[in-house]
Amino acid sequence: MKTKIISYLIILVNLFDIIVHIVIQRPETLRITGNIILIIAFAVYLLETKNIIKPWMLLASGLINLVLNLVFIYLYGIGFAGVVFISSSTILTFAAYLFQKEK
């Protein structure tokens with residue numbers, strides 16, 4: 001149950017991050033790609049399609065997102081809002097992994 005709630009939060013945070021990028025007319029490809037990877041992984045998890053998503057896959061999607069964001073930060077820098085979105089997604093993904101692994 002905890003993993004489902006966290007999954008919804010991850011999807012909402014990442015959708016909001018994408019919307020912010022579009023609204024401020026600064027579509028940052030690396031960051032949005034990371035957002036989409038997380039959204040897909042956790043949406044598939046929530047659909048519960050024959051246990052396709054394993055705990056390590058949730059963690060892997062979070063790590064890919066983190067790496068893409070770190071590359072972006074290295075190349076272009078980042079503001080406070082970016083730090084909030086990236087850290088939120090990273091912490092929530094790790095928590096989802098831990099709770100899912102406990103099952």
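What you see below is based on every heavy atom in this structure, not just the backbone, and it leaves out hydrogens, waters and symmetry mates. In this chain, residues are counted from 1 in sequence order.
- Screening residues 35-44 for salt bridge (Lys or Arg N to Asp or Glu O under 4.0 Å), with sequence neighbours left out, gives no hits.
- The side chain to side chain contact (heavy atoms under 4.5 Å, CB included) check on Leu15 picks up Ile11, Ile39, with sequence neighbours excluded.
- Here the CG atom belonging to Leu98 is positioned 11.0 Å from the NZ atom belonging to Lys2, to the nearest 0.5 angstrom.
- Put simply, CD1 on Ile91 and CG on Leu9 are 12.5 Å apart, with the number rounded to the nearest 0.5 Å.
- Under the 4.5 Å side-chain heavy-atom criterion for Ile, Leu, Val, Met, Phe, Trp and Tyr, Leu59 and Val67 are members of distinct hydrophobic clusters.
- Nearest heavy-atom pair across Ala41 and Leu58 is O-CD2, 4.3 Å.
- Hydrophobic clustering (side-chain heavy atoms under 4.5 Å, transitive across Ile, Leu, Val, Met, Phe, Trp, Tyr) keeps Ile37 apart from Met57.
- Under the rule for a side chain to side chain contact (heavy atoms under 4.5 Å, CB included), the partners of Thr93 that lie at least two apart in sequence or sit in another chain are Ile10, Leu38, Phe42.
- Every residue meeting the side chain to side chain contact (heavy atoms under 4.5 Å, CB included) condition with Ile36, not counting sequence neighbours, appears here in chain and number order: Ile18, Ile32, Ile40.
- Not counting sequence neighbours, the partners of Ile19 by the side chain to side chain contact (heavy atoms under 4.5 Å, CB included) test are Val23.
- Residue pairs that meet the ring-ring contact (aromatic ring centres under 6.0 Å, His included) test with at least one member in residues 58-93, sequence neighbours left out, are Phe16-Phe85, Phe72-Tyr76.
- A single hydrophobic cluster is seen to contain both Val20 and Val13, as judged by linkage of ILVMFWY side chains at heavy-atom distances under 4.5 Å, directly or through other members.
- Atom CD of Gln100 sits about 9.0 Å away from atom NZ of Lys54, to the nearest 0.5 Å.
- For the side chain to side chain donor-acceptor pair (under 3.5 Å) condition, the pairs that include at least one residue of residues 63-73, sequence neighbours left out, are Arg31-Asn69, Asn65-Asn69.
- For residues 33-43, the set of pairs meeting the side chain to side chain donor-acceptor pair (under 3.5 Å) definition, not counting sequence neighbours, comprises Asn14-Asn35, Asp17-Asn35.
- Rounded to the nearest 0.5 Å, atoms CG (Leu92) and CZ (Phe99) are 10.5 Å apart.
- If you chain together hydrophobic residues whose side chains sit under 4.5 Å apart, Ile6 and Leu12 never meet in one group.
- Its side chain within the 4.5 Å cluster rule, Val83 clusters with Leu66, Leu70, Ile73, Ile78, Ile86 among the Ile, Leu, Val, Met, Phe, Trp and Tyr residues.
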